[in-house]
Amino acid sequence: MYCRLLLKLILRDRAVWISTLVLAAAFSVPIAFNSPIYGPFFMKQGMQGFVDAFNTRAPQASGTDLSPEQQDDAELARYANAALAAQTDAAFLDSAESYYALMDEGFQSGSIVGDRETNDAELAYCRALSSSGITDIPASASDLPFLSFLPYAIATAPSFLPFIPFLLSSILVLGATRPATLAAKAPVPKFRRLIQTVFSIIGAGTAMLLAGLAPGGIYASALNGFGQIGYPITFFHNGALTATTAGDVFTTLLLALLAGGTLISVCSAVLSTATRRVLAGPLTSALLVAAPAFPLLSDSALEHSAALNLLPLGVFSPIEATGYVGCFPTEFIGSGSGSASMLAVALVYVAVLFAVGAVVTRSPKQAGPAKKHHGLELLDVSVGYGSTTILSIGSLSLGPGTAAGLVAPNGSGKTTLLEALSGQFPARIRSGSLAADGICQRRSAEFAELVYLSSSGSADLYPTLSAIEHLAFVREAWKSAADIDSLCDSLGISPYLDKPTRKLSTGMKQQVKLAMAIATDCPYLILDEPLNGLDPGKRKTSCDAMRSEVARGRSVLISSHLLDDLADLTNSFYFIEAGTLVEKIESSSQTLKQEYLDTYEGGE
């Protein structure tokens, strides 16, 4: 239910579709430009360079007149020419293997000096292909099958690009669950909410990444098939020759991308939850993703810094541990971690972050059993915003089946007080206690089942979701038995239930929000300016609906500047005077208006 809501919001966000198209274009560029495959292309280039150099310096003498070194060079040139002239991949491999084997003998004897590691990788590659019986060598990116396209596309794109979907998803999900939003008000235990948030980010990020890779992958598969699982890949890693296969690289790379996406998701969700700052987690994750590209965190820096080696950076540049078809056999990989250790470090960080999340989301145990009496109570509370204390409240009590009004000019702290009463903003309460039917507000999930705040403005509504989708979520999240159809008919909102809320007028939105509050079945409703923007007919409809709920035994606290309607709806009022809350009982709209003028306008 919670995950479905978040995934709907992500999939309907325009930024997601734009990002997916950008990913698809970036990952398809290697095929579109038909770039040469690094290994075979540079093997032939290197052989041609040797042959040209040999022909330039070769003496006219032959046979026994040549020195041993010259004889070796002539033999190398013969193998190189044979490889370059080969008409089939099998013939090329046979001559190339002989060429690199002879080069290897020269390196061992000391007669040849230079880049031995390159030669070792090239020799291992040729031998691996020959022993496997595979002779189909892709010459360019357009020759790559599906199995080899994925690693090649990841390798040729910026290292951070595959993780953009997870970063974007984390920003969107955390924005959709920030305080005052509908998802944040749902009666879900904090740690379960954290888990569902993480899974929503992972699911959306994975879907975006796969959608971005799909066009190029489908193209490669259609042209060149799935590919050979045992296709050899050789490269140097940490100074040692590494031999693997295309199938192993494909599997390891997928696991690495998923591990990196999971780490981003958990880091973003946990840090944002712990700091109560929506962007704190995504920004930290973005720094980790970008870190492999920083000069400070280059391979040489990592070699000399134990602290930097503890960071899970390898998983954000996984191709360095796996190799890829486009890099063999001459691409040398630096001192990054191996594939197994890369995944292990990422999973350790995920586990640690989840443990931190469990700590920061734990709900304190309530001392002793819940009180037997019913009501929403604020006792000896001071309320503030940021570092400023705004209100000092002796007490506020809202018993079952009562309707009370909150009256004060703009800027006097009404909204801050209502947010404090909702339990959604625990930092608003600086001292004192808040409880509903004896349940402390710090037990957030249980408290949310009892108290619902309908905020002013559009914070409760998601622009891309329809009114009926909001109501369906409310009914399911609060496990309500409300009859949505009858409720919508009574409020007159049935004709526009299927419209996205961004297309609704202010009055329509107000009625949808009132319907959502009623649909929760919470016994205590806090309504911030519920009558704003309504025409007289809709105001009467909304007032009738609120009276009906009070008659059913629900309690309603209403903030409004429409004093005539407020006087008709309620029989007790709270005024905010000089930072304190004062309860007053009035019998008519005239006395309420006069009280307001006396209090705030000096009796005008």
| How are the rings of F50 and F54 set to each other: parallel, tilted or perpendicular (split at 30° and 60°)? | parallel
| query | Is E476 close to R4 at the side-chain level, that is, under 4.5 Å between some pair of heavy atoms? | reply | yes
| query | So does Q108 have more than 12 non-hydrogen atoms from other groups sitting under 6.0 Å from CD? | reply | yes
| task | Identify the residue among T262, L209, I171 that makes a side chain to side chain contact (heavy atoms under 4.5 Å, CB included) with F166. | result | L209
| request: Let me see the working for E75 and R78 under side-chain contact (heavy atoms from CB on, under 4.5 Å), right down to the final yes or no. | output: CA-CA 5 Å; E75 188 74 0; R78 185 174 69 83; 2.6 Å; yes
| request: Working to the nearest 0.5 Å, report the span between CD1 of I10 and CD1 of I201. | output: 7.0 Å
| said: Is it true that, when you exclude R178 itself, more than 12 heavy atoms of the residues, nucleotides or ligands shown sit nearer than 6.0 Å to its CZ? | reply: no
| message | Quick check: do C126 and Y100 have side-chain heavy atoms less than 4.5 Å from each other? | response | yes
| note | P145 and G225 have their tightest heavy-atom pair at CB-O, 3.4 Å
| query | Taking all non-hydrogen atoms of both residues, which atom of V188 and which atom of Q196 are closest, and how far apart? | reply | CG1-OE1, 3.9 Å
| task | Begin with the C-alpha distance, continue with both residues' side-chain angles, and end with the deciding distance and a verdict on side-chain contact (heavy atoms from CB on, under 4.5 Å) for F107 and D120. | result | CA-CA 10 Å; F107 279 116; D120 287 347; 5.7 Å; no
| Should P282 and S272 count as side-chain neighbours, where that means a heavy-atom distance under 4.5 Å? | yes
| task | For side-chain contact (heavy atoms from CB on, under 4.5 Å), just list the numbers for I484 and I468, CA-CA rounded to whole Å, side-chain angles, deciding distance to a tenth of an Å, and then say yes or no. | result | CA-CA 9 Å; I484 299 298; I468 193 62; 4.0 Å; yes
| said: Could you check whether any side-chain heavy atom of T177 comes within less than 4.5 Å of a side-chain heavy atom of R193, counting everything from C-beta outward? | reply: no
| request: For residues L123 and Y99, determine if any side-chain heavy atom of one lies less than 4.5 Å from a side-chain heavy atom of the other. | output: no
| field | R277, CZ atom: more than 12 neighbouring heavy atoms under 6.0 Å | value | no
| Rounded distance [0.5 Å steps], CG in L497 versus NE2 in H470 | 12.0 Å
| note | Of all heavy-atom pairs linking A15 and L168, the shortest is O-CD2, 3.8 Å
| field | Backbone of G106 reached by a side-chain donor or acceptor of S109 within 3.5 Å | value | yes
| query | With a 4.5 Å limit on heavy-atom distance, are the side chains of L147 and Q228 in contact? | reply | no
| query | Are any non-hydrogen side-chain atoms of L254 and L150 less than 4.5 angstrom apart? | reply | yes
| task | Could you check I112 against N119 for side-chain contact (heavy atoms from CB on, under 4.5 Å), going step by step and ending with a plain yes or no? | result | CA-CA 11 Å; I112 298 178; N119 189 79; over 6 Å; no
| query | When rounded to the nearest 0.5 angstrom, what distance separates CG in L194 from OG1 in T273? | reply | 5.0 Å
| said: Measuring only between side-chain heavy atoms, which start at C-beta, is V29 closer than 4.5 Å to T156? | reply: no
| Spacing of L6 atom CG and K8 atom NZ [to the nearest 0.5 Å] | 11.0 Å
| Closest heavy-atom pair and its distance - A180, D460 | O-OD1, 3.4 Å
| message | Between N55 and V51 (side chain of the first, backbone of the second, donor and acceptor by atom type, cut-off under 3.5 Å), is there such a pair? | response | yes
| Can you check whether A128's main-chain N or O pairs, donor with acceptor, with S131's side chain at less than 3.5 Å? | yes
| query | Taking the six-membered ring for Trp, is the centroid-to-centroid distance between F149 and Y219 below 6.0 Å? | reply | no
| said: With a 3.5 Å distance limit and no angle check, can you tell me whether N224 reaches the backbone of S142 through a side-chain donor-acceptor pair? | reply: yes
| field | Point-to-point distance, once rounded to the nearest 0.5 Å, from CG of L465 to OG1 of T501 | value | 7.0 Å
| note | Closest non-hydrogen atoms of A83 and S95, given as atom of the first, atom of the second and distance, are N-CB, 3.5 Å
| said: Looking at every heavy atom in both A274 and V360, which two are closest together, and how far apart are they? | reply: CB-CG1, 4.0 Å
| said: When you measure from the side chain of T245 to the backbone of D248, do you find a donor-acceptor pair of N or O atoms at a distance under 3.5 Å? | reply: yes
| query | Under 3.5 Å, is there a donor-acceptor pair between the side chain of S221 and the main chain of G217? | reply | no
| query | What class does the angle between the rings of Y2 and F473 fall in, given that below 30° is parallel, 30 to 60° is tilted and above 60° is perpendicular? | reply | tilted
| query | How about F199: does its CZ atom have over 12 heavy atoms from other parts shown lying under 6.0 Å from it? | reply | no
| request: Report, as yes or no, whether the 6.0 Å neighbourhood of atom CD1 on I229 holds more than 12 heavy atoms from other residues, nucleotides or ligands. | output: no
| request: Would you kindly check if the NZ (Lys) or CZ (Arg) of K503 is within the cone defined by 45 degrees around the ring axis of Y496 and under 6.0 Å from the six-membered ring centre? | output: no
| task | Starting at CG of D13, measure out to OG of S19 and round the result to the nearest 0.5 Å. | result | 8.5 Å
